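For reference, the structure discussed in these notes is given below.
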Amino acid sequence: MSATLSSHILDTHLGKPAADVAVTLHRVQDNGVATLLAHGTTNSDGRVIPDAWQFDTAIDSTEHQLNTGRYTVTFDTQSYFDAQQLTAFYPQVVIDFVVNDASHYHVPLLLSAHGYSTYRGS
């Protein structure tokens, strides 16, 4: 089984997609230890599409699958807001989620300098 993952950031303060935001994907083991799986950067439309994830070369290629389990996606919001010359209250946003099946998972982030929200997208 292998799910796919995409993400999208909308900057609600500026009313546009948040481009060039560094994003990391970690698998969280049962003991709570997180292992880096992949990283990406949002494109001009604020998206990291499934094929854009760059998997860590230090892990076995069989680990390049999103199997059932717990994961986190971390967004480097500090660098993004620094580039906008805005003070960020949240230097990073970590979204913790669970993959239950082989479907597509979309993790959107609605972001402003002083708040954020997320939901399971489609």
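All of these numbers come straight from a predicted model, not from anything done at the bench.
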Gap between atom CG of Leu5 and atom OG of Ser103 - 0.5 Å precision: 11.0 Å

Sequence-distant partners of His26, side-chain hydrogen bond (donor to acceptor under 3.5 Å, both in side chains), two or more places apart: none

Transitively linked via ILVMFWY side-chain contacts under 4.5 Å: Val33 with Leu36? no

Yes or no on side-chain contact (heavy atoms from CB on, under 4.5 Å) for Val99 and Phe97, after CA distance, side-chain angles and deciding distance? CA-CA 7 Å; Val99 169; Phe97 65 100; 3.9 Å; yes

Within the 3.5 Å criterion, strictly below it, is a donor on Ser122 or His106 matched to an acceptor on the partner's side chain? no

Kindly indicate whether the side chain of Leu66, heavy atoms from C-beta on, has any atom under 4.5 Å from the side chain of Trp53. no

Taking C-beta and beyond as the side chain, do Tyr105 and Val98 meet within less than 4.5 Å on heavy atoms? no

Hits for side-chain hydrogen bond (donor to acceptor under 3.5 Å, both in side chains) against Thr4, two or more places apart or cross-chain, chain-then-number order -> His104

Contacts satisfying salt bridge (charged side-chain N to carboxylate O under 4.0 Å, His left out) that involve residues 87-100 (not counting sequence neighbours) are Arg70-Asp96

Please output the side-chain donor-acceptor pairs of residues 81-93 that fall under 3.5 Å, not counting sequence neighbours, one pair per line with the distance.
{"unit_1": "Asp82", "atom_1": "OD1", "unit_2": "Gln78", "atom_2": "NE2", "d": "2.9"}

What is the distance from atom CD1 of Ile95 to atom OG1 of Thr118, rounded to the nearest 0.5 Å? 3.5 Å

Drop me the distance from Tyr116's OH to Leu109's CG, to the nearest 0.5 angstrom. 8.0 Å

Interatomic distance, OH@Tyr80 vs CZ@Phe75, rounded to 0.5 Å, equals 13.0 Å

Flag, side chain of Thr42 to backbone of Asp20, donor-acceptor distance under 3.5 Å: yes

To the nearest 0.5 Å, what is the distance between CG on Asn67 and CG on Asp101? 12.0 Å

N/O donor-acceptor pairs under 3.5 Å from side chains in residues 43-50, not counting sequence neighbours:
{"unit_1": "Asn43", "atom_1": "OD1", "unit_2": "Asp45", "atom_2": "N", "d": "2.9"}
{"unit_1": "Asn43", "atom_1": "OD1", "unit_2": "Gly46", "atom_2": "N", "d": "3.2"}
{"unit_1": "Asn43", "atom_1": "OD1", "unit_2": "Arg47", "atom_2": "N", "d": "2.9"}
{"unit_1": "Asp45", "atom_1": "OD2", "unit_2": "Arg47", "atom_2": "NE", "d": "2.9"}

Find the distance between NE2 (His39) and OG1 (Thr24) and round it off to the nearest 0.5 Å. 9.5 Å

Among all residues two or more places apart in sequence or in another chain, which pass the side-chain hydrogen bond (donor to acceptor under 3.5 Å, both in side chains) test with Thr35? Gln29

